[in-house]
Structure formats: structure tokens, C-alpha cells
Number of protein chains: 2
Amino acid sequence: MTPMIQACVMHFGEMGSRWGINRTVGQMYALLVLSQTPLTADQIAESLGFSRSNVSMGLKELQSWELVKLQHIPGDRKEYYSAPAEIWDIAKTLMEQRRKREIDPTLSTLRGLLMTDPVSEEEKYAQQRMREMHDLIEMLTKWTTEIQRLDSARLQVLLKLGNNLGKVLDIKDKLLGKN
Amino acid sequence: MTPMIQACVMHFGEMGSRWGINRTVGQMYALLVLSQTPLTADQIAESLGFSRSNVSMGLKELQSWELVKLQHIPGDRKEYYSAPAEIWDIAKTLMEQRRKREIDPTLSTLRGLLMTDPVSEEEKYAQQRMREMHDLIEMLTKWTTEIQRLDSARLQVLLKLGNNLGKVLDIKDKLLGKN
DNA sequence: CTGTAATTTCAGCAATTACTGAAATTACAG
DNA sequence: CTGTAATTTCAGTAATTGCTGAAATTACAG
């Protein structure tokens with residue numbers, strides 16, 4: 001592993017650990033993302049200096065997030081892992097999984113609590129706040145769902161727009177202003 | 001603490017711990033958000049059954065995230081804590097802090113790595129991926145920055161639009177399609 | 001100032017999470 | 001099938017993170 005790749009792998013390991021993602025799993029994924037060719041578990045263990053079993057568990061975790069593809073090479077008994085070829089696909093998967101695991105349960109909890117009648121002024125206020133949280137989260141979620149619908153090609157356009165993004169959103173603002 | 005509030009507090013404690021946020025800190029903040037009146041550290045410790053010192057550390061953490069306001073009540077020596085009155089303000093602060101702590105360092109690391117010349121095909125590919133990551137993260141960040149500029153009033157409009165949000169974004173899509 | 005209430009700090013213990021190596025299981029070539 | 005390579009599981013241990021109570025510090029009323 002070259003120093004450049006190593007530095008990136010380390011950084012994403014650190015970042016992962018701030019996000020409830022195991023540091024070593026973060027490193028493994030960064031390595032896969034940066035690798036042009038699929039890797040075996042042994043290669044990953046070797047590159048990062050982790051035990052083979054740790055890599056096995058990490059890959060299992062990444063599979064549960066649907067972030068890696070498993071493939072076989074004809075005449076080779078080993079399993080090869082790779083990350084999607086498009087970064088945008090990775091981001092979309094992350095958003096979707098986060099929603100499934102964190103947002104949806106939260107919305108459903110909030111809805112449940114909003115069903116019951118408040119028994120005091122205190123609960124009335126708390127419910128008000130829960131309602132605000134619910135509506136805000138729901139809206140932001142819808143927003144990201146729309147964004148997720150963008151395909152890679154469309155995204156290229158947005159990326160090229162770059163600093164003009166603000167203008168596009170200003171137009172949106174004006175549209176909204178009329179409502 | 002009523003069962004309804006308790007349930008919400010517990011839920012956000014759990015969720016927090018999936019996000020690299022200490023479970024007890026998450027509970028403390030949920031309690032503050034749901035409380036109509038400011039609370040003292042002692043009240044929080046009492047309500048949640050934590051030690052006074054744990055609450056002290058948790059509040060310090062929340063202050064470092066700029067998520068709580070500290071206030072004094074005349075003739076009372078204790079310190080009272082409260083969350084912003086607007087949920088949207090809380091969300092904006094969270095987005096801003098996350099950006100400062102996680103996104104900005106990541107972008108700057110990636111930029112640094114993209115400055116150096118690739119010494120092999122392997123590094124060339126890795127850099128390509130880093131470039132894609134960088135540009136995507138930068139774009140999404142700009143996006144959220146624009147969203148953050150919305151004030152509460154404007155947000156109300158968006159919230160009321162509700163299911164029509166998709167349509168608004170479709171209009172945006174069409175605008176982009178022309179580019 | 002002085003005394004006391006409020007708050008913070010921090011060393012030490014508890015709980016949780018991460019990682020490993022050995023054993024078990026699975027996969028498959030021959 | 002059989003033998004072997006590959007992978008997974010899991011009990012035990014290591015490392016990290018979280019929490020507490022006691023002591024130190026700070027804040028302020030009188």
C-alpha cells in the first residue's frame with residue numbers, strides 16, 4: 001500500500017469511528033474503494049495488518065450495509081470483494097441504509113408518541129416539540145429521497161454547475177416565495 | 001418524567017449511540033429539548049438517574065456543540081440550561097458542527113492527497129476515486145449550506161408543501177435539464 | 001474577606017466494544 | 001466421497017469509552 005493510499009485509508013478509519021462505524025471496518029472499506037481490482041480477505045488482512053477473522057467480520061458488516069459486491073474469479077477458489085464503481089452509488093446506498101436503520105425507526109417512534117393524548121401541560125409542550133421534530137425529519141428525508149433518484153449522469157451536471165448551485169436554489173426559493 | 005417523555009428520551013439516547021454520540025448525552029439533550037422550562041444540572045441528574053458529574057461533563061459536551069444555552073435566574077445561584085426554542089435552529093447547528101468537525105477536515109485531507117503526483121497506475125486510480133469523493137462531498141455540503149440559509153418562516157412553507165416537495169424538485173430538475 | 005452552595009475535574013472502576021487465535025464449518029477440486 | 005483450502009464462528013482478552021464519587025475549584029451572598 002502506497003503512502004498516499006495509506007493516508008486516505010487512515011483518515012476514513014478515523015472518520016468512521018466518529019460515526020459509529022468501527023475504525024477497522026472504515027479502513028477496510030476505504031481500501032476497497034481505492035482499489036482498482038477486487039481484493040480477497042487475505043489481501044485486506046495483509047495490507048492493513050488485521051487478523052483474518054477481523055476482516056471476515058468486517059466484510060460481513062459491509063455486506064449487511066450492501067456496500068460491497070462479492071465475486072468469484074474462474075478457477076480460483078477464493079472470494080473477491082469490491083466496492084461499487086461509482087462513488088455516487090456508494091453515497092446513495094449509505095443514505096438509504098441510514099434511513100432504514102435510523103430515520104424510519106425514529107419517525108415511527110415519534111408518530112407513536114404523538115398518537116397518545118397529552119395528560120398535562122408538560123406533555124402537551126413535549127408533543128409539540130416531537131411534532132416539529134417529526135415534520136422536519138420527514139421533510140429532510142423526502143428531500144434526500146429525491147436527491148437519491150438522481151442518476152450518475154444527472155449528477156455530473158450538478159457537479160459541473162459547481163458554484164452556480166446557489167443560483168439554482170435561489171430560483172427554487174423564488175418559486176417557493178410565490179406559494 | 002412522564003412515560004411519554006421517558007420513551008422519547010430513551011429513543012434518542014439509543015439513536016445517539018449509533019451516531020458516535022454518547023448515549024447519556026443524547027438522553028440529556030432530548031430531555032432539554034422536550035422541556036418547556038430551563039433545567040439545572042441537578043434536575044437532569046435527578047430525572048435521568050445519572051451522577052451529577054456525568055451531567056456536568058455531558059453539558060460541557062453539548063456546550064462545545066453549541067446546542068445549549070446557559071442562563072441565570074435572578075436571585076438564584078444555579079445555572080439553568082435550555083435547548084433552542086426552534087427545532088430548525090437545532091438542526092442547523094448540528095449540520096454546521098458536523099461540517100466543521102468531519103466534512104471540512106475530510107475535504108482538506110482529500111485535497112492534500114490530490115496535490116501529489118501519482119507514482120503508479122494504482123495511485124492514479126486511487127486519486128481518481130478521491131477526486132470523485134471530494135467533488136461529491138463538496139457538492140452535497142454546498143447543498144446543505146444553502147438549506148441552512150433558510151429561516152424558520154421559509155421552512156414552514158416547505159413543511160406545508162409536504163408531499164408537493166417532489167413537484168418542486170421536478171421543476172428544479174427541468175431547469176437543470178436545460179444545462 | 002468568609003462561608004457555603006454550585007460546579008468541575010479527575011483517578012479509578014465498570015461497561016462496552018474491538019480484536020484475535022483456535023476450532024468448526026463450508027466449499028469444492030479431484 | 002475425500003482431502004484440503006477458504007471462510008466463519010466464538011470464547012477469551014485487549015482496548016476503549018463511559019461513569020462515578022471524592023476532592024478541588026469557582027461563584028457569590030452576606
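Within every chain, numbering begins at 1; the chains are lettered A, B, ... in the order of the sequence lines, protein sequences first and strands thereafter. Only this structure's heavy atoms are used, side chains among them; waters, hydrogens and symmetry mates stay out.
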query: Quick one: does A:Trp88's side chain have a donor or acceptor within less than 3.5 Å of a partner on A:Leu150's backbone?
result: yes

message: Less than 3.5 Å apart, any donor N or O on the side chain of A:Asp42 or A:Thr40 sitting next to an acceptor on the other?
response: no

message: Using whole Å, what does the distance between atom P of nucleotide D:dT8 and atom NZ of A:Lys78 come to?
response: 14 Å

Shared-cluster residues of A:Tyr80, by chain and number - hydrophobic side chains joined below 4.5 Å: A:Ile73

Could you go over nucleotides 13-15 of chain D and give all protein N or O partners under 3.5 Å, atom names and distances?
none

query: Heavy-atom contacts under 4.0 Å between residues 16-53 of chain B and DNA chain D, which residues?
result: B:Asn22, B:Arg23, B:Thr24, B:Phe50, B:Ser51, B:Ser53

- prompt: Does A:Gln43 offer a backbone N or O that forms a donor-acceptor pair with the side chain of A:Ser47 under 3.5 Å?
  reply: yes

field: Side-chain donor/acceptor of B:Gln127 to backbone N/O of B:Leu113, under 3.5 Å
entry: yes

- request: Using Watson-Crick or G-U wobble pairs with both distances under 3.5 Å, give me DNA chain C in dot-bracket, 5' to 3', with [ ] for crossers and | for pairs to another strand.
  value: ||||||||||||||||||||||||||||||

Matching residue for B:Leu59 among B:Leu70, B:Leu39, B:Asn54, B:Leu32 - test: side chain to side chain contact (heavy atoms under 4.5 Å, CB included): B:Leu32

message: Please check if the number of heavy atoms outside A:Gln97 that lie under 6.0 Å from its CD is greater than 12.
response: yes

task: Quickly work out the A:Leu59 CG to C:dA18 P distance and round it to whole Å.
output: 16 Å

query: Is it true that a side-chain atom of B:Arg131 and a backbone atom of B:Leu114 form a donor plus acceptor pair closer than 3.5 Å?
result: no

- prompt: Is B:Glu96 salt-bridged to B:Arg99, cutoff N-O under 4.0 Å?
  reply: no

Whether A:Arg129 side chain and B:Ala85 backbone form a donor-acceptor pair below 3.5 Å: yes

message: For a 4.5 angstrom cut-off between non-hydrogen side-chain atoms, does B:Met133 reach A:Leu34?
response: yes

Can you give me the N/O atom pairs linking the protein to nucleotides 23-30 of chain D at distances under 3.5 Å, or say none if there are none?
none

message: I need the CE-P distance between B:Met57 and C:dT9, as an integer number of Å.
response: 10 Å

query: Within the structure, does a side-chain N or O atom of A:Lys60 lie under 4.0 Å from either OP1 or OP2 of D:dT7?
result: no

task: Starting from C1' on C:dT9, measure out to CD on B:Glu61 and report it in whole angstrom.
output: 16 Å

- request: Starting from C1' on D:dT20, measure out to CG on B:Asn54 and report it in whole angstrom.
  value: 8 Å

Side-chain donor or acceptor of A:Ser35 paired with backbone N/O of A:Leu31 under 3.5 Å: no

- request: May I have all residue pairs that pass side-chain hydrogen bond (donor to acceptor under 3.5 Å, both in side chains) and include part of residues 108-117 of chain B, sequence neighbours excluded?
  value: A:His11-B:Thr109, B:Arg111-B:His134, B:Arg111-B:Glu138

